[in-house]
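For reference, the structure discussed in these notes is given below.
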Amino acid sequence: MSVSQAEATERATGTEKYVGRAVDRVDGPAKTTGRARFAAEHPYPGLAHAALVHATVARARITAIDTEAARAVPGVIDVLTHENTPPMKPPPKVSFLDLSTLVSGTTVNYLATDEVHWNGQPVAVVVAETPEAARHAASLVRPSYAELPATVDFSAEEPRAVPQKGNLIAEAEADKGDAQAALAAAAHSVDLTFSTPPHNHNAIEPHATTAVWEGDRLTVHEGTQSIAWTRRHLAKRFGVPEQDVRVLSPYVGGGFGGKGSVWAGTLLAVLAARVTNRPVRLALTREGVYHTVGGRTPSTQRVALGADEQGRLTALIHTSVSRVARTGGMPEGITAGSRHLYASPNIHLRQSITRLDLLANTFMRAPGEAIGTFALESAMDELAWETGIDPIELRMRNEPERAPIGGQRFSNRLLREAYAVGAERFGWRERDPRAGAMRDGRWLVGMGVATAYHPQMRFSAHVKVRMSADGQVVVRCGLQEMGMGTATAQAQIAADELGVPLESVRVEIGDSDLPQGPGAGGSNQTASAAAGVIEASAKLKRALLALARRAPGSPLRGRRLEELEARDGGLYHGGRGQTYAEILAAAGRDHVEAESKGNMLGLLVRTMNDRRKWVKAAIGAQFCEVRVDPDTMEVRVSRWLGVFDVGRVINARTAASQLRGGIVMGIGMALSEQTLVDGRSGRIVNPSLAEYHLPVQADIPRIDVHCLDEPDPTTPLGLIGVGEVSITGAAAAVANAVRHATGKRVLDLPITLDKLL
Ligand code: MOS
């Protein structure tokens with residue numbers, strides 16, 4: 001495969017010593033000893049604590065707000081309401097010319113309005129000397145409301161949904177041939193309607209902000225997936241220059257998309273600090289996260305498949321309805337997988353949305369694809385039952401040569417290999433294809449598969465790499481670490497590029513004063529940053545070689561970089577060369593630094609161009625085994641294997657860990673997770689870990705993951721990204737295993753036992 005010059009410069013050039021290895025995380029000791037400080041753990045003299053008061057109605061005007069009892073609580077410093085608080089500037093309108101506008105969680109300007117737009121919206125902030133006083137006082141604030149009619153029931157509104165247009169990020173609709181006619185004429189068909197509930201974010205670290213103003217300069221400690229865009233957003237909202245805002249986010253206790261936008265807690269902590277002239281910490285309660293941070297849309301989806309006698313698809317129809325808020329939110333790419341996964345001469349895809357008076361939805365691990373693949377891959381499994389063809393074989397018969405919509409080539413697509421490897425390792429041949437035929441003692445046993453799919457994304461990264469006279473390397477880029485091993489992966493890449501020991505590389509991340517990195521979202525960060533690290537490292541080696549060539553007697557005189565090998569802390573031609581320390585000493589230099597500026601516009605043009613030529617995506621095969629109690633119909637996941645084509649793997653340990661995390665989230669989606677919204681009041685009625693059921697250790701078996709580890713020929717270092725692909729297909733694999741064990745097809749998530757009895 002041929003690649004352009006621009007792409008070729010992003011290739012690794014060093015001999016790979018660290019890339020691919022299961023290297024220990026560089027932040028491991030800091031995290032396990034508690035030295036790592038998260039956003040709510042920064043002490044400041046005079047630190048005050050804030051707590052939110054949440055509206056208890058869906059839509060209203062506040063007619064009065066009684067703060068007297070709250071103000072009487074010892075330790076209360078101030079109670080901020082729309083009646084007494086100088087307004088922030090309104091949130092910027094979303095524009096693709098300024099991607100930072102994508103991080104406005106909602107369009108509501110908190111405390112600048114007497115309007116309530118969802119049940120749970122913050123309507124007041126209490127600032128006190130202790131968190132306990134703040135929370136207690138917050139419970140005593142009494143707003144009065146003039147209620148307005150509200151629309152909060154998704155299932156009631158869903159029939160009135162309107163078709164959604166595609167945009168730069170998500171393609172919404174596609175038509176090829178005549179899918180309806182082909183469906184009607186098909187030898188075999190299935191036509192199913194699925195539903196999935198809303199889901200909420202439950203990171204280990206609930207959202208927290210510590211905000212400090214010194215005059216007009218602002219410092220914010222914040223767990224965020226987007227340091228640079230958070231900084232720009234705060235600068236706009238508080239009317240100060242961007243360079244006077246510093247966002248520090250060295251550690252994020254889980255993000256998954258929930259820390260990808262700027263939500264109420266962040267803004268109100270900064271506002272409270274401004275008004276009270278005190279450093280302020282606002283750590284949301286778990287319930288506070290549910291009321292102020294968006295989650296995943298609910299959906300209803302129709303998937304209809306028609307096939308010929310051999311199981312080859314003749315029609316693929318996938319339509320969806322999802323929900324956004326009247327005050328923000330985004331359509332999710334629910335049918336995205338159906339554009340790419342199966343060859344079919346007739347395809348019809350549509351996405352519709354409905355706007356409700358609820359908190360805006362937001363990014364949540366594979367937004368769209370996670371629930372879209374549940375429907376598509378459940379339907380494919382049902383077609384396997386309908387045709388009597390093995391579900392893996394059925395998928396292989398429908399494996400496309402080129403993208404089914406658009407006809408592009410796949411840059412990398414090892415789905416056949418993934419299923420072959422997976423079937424072998426999982427013991428698929430031992431599966432009795434009949435429903436309910438496999439037992440382990442009294443337990444019914446079922447085995448299911450599903451395909452995983454997530455597109456590749458890329459942003460620009462500004463990276464600086466510095467070599468010091470003592471041979472120490474510092475890589476600097478404002479990246480985010482939310483648990484995936486960001487600094488470790490980039491240290492491995494830099495060590496290989498420069499040919500230095502891993503121990504001599506330090507990666508500085510998590511600070512808006514650093515060169516601007518990409519946000520951590522869309523599974524892009526590792527690849528995006530890698531391109532910058534590789535380019536900056538190449539420039540650094542060139543600069544060091546230039547120094548050496550000017551030095552009399554250097555064995556590198558007259559050499560070109562292309563002839564040299566970076567190894568053992570220096571540059572070598574065969575046995576002759578110099579260490580970087582020697583080069584710097586001979587030149588009398590303390591250090592040399594090089595940078596890769598990153599060019600977002602150029603990258604965007606290239607991405608658009610690329611999209612016409614290639615489909616770049618992570619893909620995989622999920623294998624699930626369940627045991628079902630025949631009396632209670634309790635479902636236990638007993639074995640799991642995921643085989644993934646995610647391009648090149650940088651760190652075998654952290655990659656496997658991320659992939660496992662996505663599968664755990666997929667199991668939660670399949671069996672237990674759902675946000676319950678009161679259809680009258682719009683109140684979330686289960687905003688706690690006691691009532692929103694996440695899988696716990698006892699619910700999760702050993703999860704095997706295997707990466708095929710073949711570099712993608714069109715991406716930096718051959719990377720695709722591992723953050724999101726493994727939640728896709730996961731819920732379908734569970735549903736398909738349950739179908740095999742019990743004969744029952746569950747179309748609405750989660751698969752609770754009442755649906756199987
Ligand atoms: Mo992710 S949903 O791109 O953080």
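Both counts, for ligands and for their atoms, begin at 1 and track the order of listing.
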| request: Answer yes or no: is there an ion pair linking Arg458 with Asp610, defined by an N-O contact shorter than 4.0 Å? | output: no
Quiz question: by atom type and distance under 3.5 Å, do the side chains of [X] and [Y] form a donor-acceptor pair?
X	Y	answer
Glu222	Thr209	yes
Thr728	Glu369	no
Thr300	Glu158	yes

Identify the closest protein heavy atom to [atom]: which residue and atom is it, and at what distance?
atom	value
atom 4 (O) of ligand 1	Gln225 NE2, 2.7 Å
atom 3 (O) of ligand 1	Gly522 N, 2.4 Å
atom 2 (S) of ligand 1	Arg365 N, 3.2 Å

| said: Does ligand 1 come near enough to Gly257 that some N or O of the ligand is less than 3.5 Å from an N or O of the residue? | reply: yes
| field | Sub-4.0 Å heavy-atom approach of Glu724 to ligand 1 | value | yes
| message | Under 4.0 Å, counting heavy atoms only: does Pro367 come that close to any atom of ligand 1? | response | yes
| query | Aromatic rings Tyr692 and Tyr290: how do their planes relate, parallel, tilted or perpendicular, breaks at 30° and 60°? | reply | perpendicular
| request: Using a strict cut-off of 4.0 Å, indicate which atoms of ligand 1 neighbour a heavy atom of Met364. | output: 2 (S)
| Can you list the ligand 1 atoms lying under 4.0 Å from a non-hydrogen atom of Phe363? | 2 (S)
| note | side-chain hydrogen bond (donor to acceptor under 3.5 Å, both in side chains) pairs touching residues 479-490, sequence neighbours excluded, are Arg25-Glu481, Lys31-Glu481, Gln480-Gln525, Glu481-Thr486, Thr486-Gln525
